[in-house]
**Q** 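Starting off with a structure, shown below.
Everything numeric here is computed off the predicted structure, so don't read it as measured data.
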Amino acid sequence: MRVVQWSTGNVGRHALAGIAARPDLELAGVWVSSEAKAGVDAGELAGLGRPLGVSATTDADALIALKPDCVLYTAMADDRLVEAVEDLKRFLRAGINVVSSSPVFLQYPEGVVPSEMIEPIREAAREGGASLWVNGIDPGFANDWLPLLLTGVCERIDEVRCMEILDYSTYDQGKVLFEIMGFGREMDDLPLLLQPGVLSLAWGSVVRQLAAGLDVELDAVEEVYERLPAPETFEIASGTIKEGTAAALRFEVRGMRGGRAVCVLEHVTRLRGDLGPDWPQPSGQGCYRVKVTGEPNYELDLRLVGTDGDHNTAGLKATAMRLVNAVPAVVAASPGLLTALDLPLVTGRGLVSP
């Protein structure tokens, strides 16, 4: 299947390596946003140390004209939602299937955003006879199939809680950390992520999809958060965190039924391991944790570590490979806006060395 990789940032470069690793996928083209990357071989952009024979381009029209089977879209959408949605609709209308890491509310949009925001995307899919699937590690695998799989050995379920417990100090993405999440900013300076309703927009899809998978109707979705300041000035990969500015964040998006939380998404994000010592601690360097309260009680930790020894590298790789490995299933699916509940089990088939 012929695949075009759209962007080569923190996730996109790992997606390029993943496409090259699958014998059933052919890299047909690479889109980049900067002239500095235009003309560079995809193997160099992926850090593979060998050429892939495909040069990056800023010419979107030329790549769409290639009529690939799928576009793997990893361009940032957090601060450009309208533009990202327009990109996705353009691919779909051209008859090109899409797997994408954003916008994250499209993972499971029912009840998260108004139908008038979603119908144009579905119309574009119908017009082009193509499918769109938005996923990753979180929102994605860590809080869709992983928890639902665990509930398959339950007698009774009172609450399903999906947690990300990570130190973000090695995550080198200043726009996300400083502008969107608000780290390194004054404690009374409310960033985009913590504006009313934004947490539910970003992760409401998680709790609503869990509820749908469990055949539970939610009454409401609520959000809460807590921040902690830096005890002194320190450095992270993306820059300087000054004393007294935001350095740790904990939030929950809660799916409510009958006055209690039944499906919960919780993030515990630190920029240093000693911050928030009374908050949940990770297993290993960092983990995704699923807790099922009921009969019996389960707790499952998915530890992350990349071959470079860093847990954030592993998270980026996981996001990329969740998309890469889903390409055949999305191409084979009926046209439309897909969710994890619509697809068969996606595995790394064909990746085991002989």
**Q** Could you verify whether a donor N or O on one side chain and an acceptor N or O on the other, from Asp308 and Thr313, lie under 3.5 Å apart?
**A** yes
**Q** What residues, two or more places apart in sequence or in another chain, satisfy side-chain hydrogen bond (donor to acceptor under 3.5 Å, both in side chains) together with Glu235?
**A** Thr240
**Q** Going by distance alone, is a donor N or O of one side chain under 3.5 Å from an acceptor N or O of the other, for Ser7 and Thr74?
**A** yes
**Q** Whether the Thr245 and Arg185 side chains hold a donor-acceptor pair (N or O, under 3.5 Å, no angle test) is what I'd like checked.
**A** no
**Q** Judged by modelled atom types alone, do Asn312 and Thr170 share a side-chain donor-acceptor pair under 3.5 Å?
**A** yes
**Q** Which pairs count as ring-ring contact (aromatic ring centres under 6.0 Å, His included) when at least one residue sits in residues 189-241, sequence neighbours excluded?
**A** Trp203-Phe251, Trp203-His267
**Q** Thr57: what forms a side chain to side chain contact (heavy atoms under 4.5 Å, CB included) with it, not counting sequence neighbours?
**A** Asp59, Leu63
**Q** Can you list, pair by pair, the side-chain donor-acceptor contacts under 3.5 Å of residues 8-17, counting residues two or more places apart and other chains?
**A**
residue : atom : partner : partner atom : Å
Thr8    : OG1  : Lys37   : NZ           : 3.0
His14   : ND1  : Lys317  : NZ           : 3.4

**Q** In chain order, what residues pass the side-chain hydrogen bond (donor to acceptor under 3.5 Å, both in side chains) check against Tyr288, with sequence neighbours excluded?
**A** Glu164
**Q** For residues 312-345, pull every pair meeting ring-ring contact (aromatic ring centres under 6.0 Å, His included), keeping only residues two or more places apart or in separate chains.
**A** none
**Q** Can we say Glu110 and Arg208 salt-bridge, meaning some charged N sits less than 4.0 Å from an Asp/Glu carboxylate O?
**A** no
**Q** With ring-ring contact (aromatic ring centres under 6.0 Å, His included) as the rule and sequence neighbours excluded, what pairs involving residues 310-332 come up?
**A** none
**Q** Any chance NZ of Lys291 has more than 12 other-residue heavy atoms, nucleotides or ligands included, within less than 6.0 Å?
**A** no
**Q** Run the side chain to side chain contact (heavy atoms under 4.5 Å, CB included) test against Asp274 and tell me which residues pass, sequence neighbours left out.
**A** Arg272
**Q** Would you say the side-chain atoms of Asp138 and Asn143 include a donor-acceptor pair closer than 3.5 Å?
**A** yes
**Q** Of all residues at least two apart in sequence or in a different chain, which pass the side chain to side chain contact (heavy atoms under 4.5 Å, CB included) check with Glu35?
**A** Ala38, Thr58
**Q** Under a plain distance cut-off of 3.5 Å, with no hydrogens placed, do Ser205 and Gln107 share a side-chain donor-acceptor pair?
**A** yes
**Q** For Gln281, what residues pass the side-chain hydrogen bond (donor to acceptor under 3.5 Å, both in side chains) criterion, not counting sequence neighbours?
**A** none
**Q** Just jot down the side chain to side chain contact (heavy atoms under 4.5 Å, CB included) partners of Glu179, sequence neighbours excluded, or say none.
**A** Lys175
**Q** Can you tell which of Arg254, Glu223, Glu222 makes a side-chain hydrogen bond (donor to acceptor under 3.5 Å, both in side chains) with Ser200?
**A** Glu223
**Q** Got a sec, which hydrophobics cluster with Met256, joining ILVMFWY side chains under 4.5 Å apart, including via others?
**A** none
